Amino acid sequence: MDPHEDGAPPGRSGRSRGPGWRRLGEEPDYRFTLANERTFLAWIRTALAVLAAGVLLEQFAAKLQPPLAVTAIAASLCVTAAALCALAYGRWRANEEAMRHKRPLPHSRTLSLLAITIPVACLALILLIVGLHAGLLA
């Protein structure tokens, strides 16, 4: 049998790399695939920004008291960043599968996570800053 009989380009076998779900259904219009990828990357950038906020808070908020509260807020931001990365992949994959099978795009709770975590962290920081300036926390 000729190695190129399967129609694969030279140097590659007909076996596709990547997860099996990518071989199911129909290949969607590349514009939709690229738009889905841009959305995924936007979520990753958001996660990186949240992670940076947590690291900066822990490293440079020496005046805020109590230190345990600052560390807890910073850690919650870092955990949120990790969760956003995982949820971003899950959302990207679910959208890809839906497009391949001509189904409606699934709903995601990722926005809820972000919409709850960030304001809670901001409120906690506001309380620490106001307490610092009012002399309540020293």
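Source: prediction; values computed, not measured.
Taking both residues in full, the closest heavy atoms of Ala74 and Gly54 are given as CB-O, 3.2 Å, listed atom of the first, atom of the second, then distance. Across all non-hydrogen atoms, the minimal contact from Phe32 to Met99 is CB-SD, 3.5 Å. Of all heavy-atom pairs between Leu84 and Thr110, the closest is CD2-CG2, 3.7 Å. Closest non-hydrogen pair, Pro106 versus Asn95, comes out as CD-OD1, 3.3 Å. Among all heavy-atom pairs drawn from Ile73 and Ala121, the shortest one is CG2-CB, 4.1 Å. Thr33 and Pro28 get closest at one heavy-atom pair: OG1-CG, 3.4 Å.
Leu125 places none of its side-chain heavy atoms less than 4.5 Å from the side chain of Val70. Side-chain contact between Pro66 and Leu128 is present, with at least one heavy-atom pair separated by less than 4.5 Å. Taking the side chain as every heavy atom from C-beta outward, Lys63 and Ile129 never approach each other to under 4.5 Å.
Both Leu41 and Tyr89 belong to a single network of hydrophobic side chains, linked directly or stepwise wherever heavy atoms of I, L, V, M, F, W or Y lie under 4.5 Å apart. By the criterion of side-chain heavy atoms lying less than 4.5 angstrom apart, applied directly or through intervening Ile, Leu, Val, Met, Phe, Trp or Tyr residues, Leu51 is not grouped with Leu114; the two fall into different hydrophobic clusters.
For the salt bridge (Lys or Arg N to Asp or Glu O under 4.0 Å) condition, the pairs that include at least one residue of residues 88-99, sequence neighbours left out, are Arg93-Glu97.
Of the options Ile116, Leu111, Thr117, a side-chain contact (heavy atoms from CB on, under 4.5 Å) to Leu113 is made by Thr117 and by none of the others.
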>> Could you walk me through whether Trp43 and Phe40 satisfy the ring pair (Phe, Tyr, Trp, His ring centres under 6.0 Å) test, starting with their C-alpha distance in whole Å, then the side-chain angles of each, then the deciding distance to 0.1 Å, before giving a yes or no?
In response: CA-CA 5 Å; Trp43 280 108; Phe40 167 74; over 10 Å; no

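With salt bridges taken as basic N to acidic carboxylate O contacts below 4.0 Å, one links Arg100 and Glu27.
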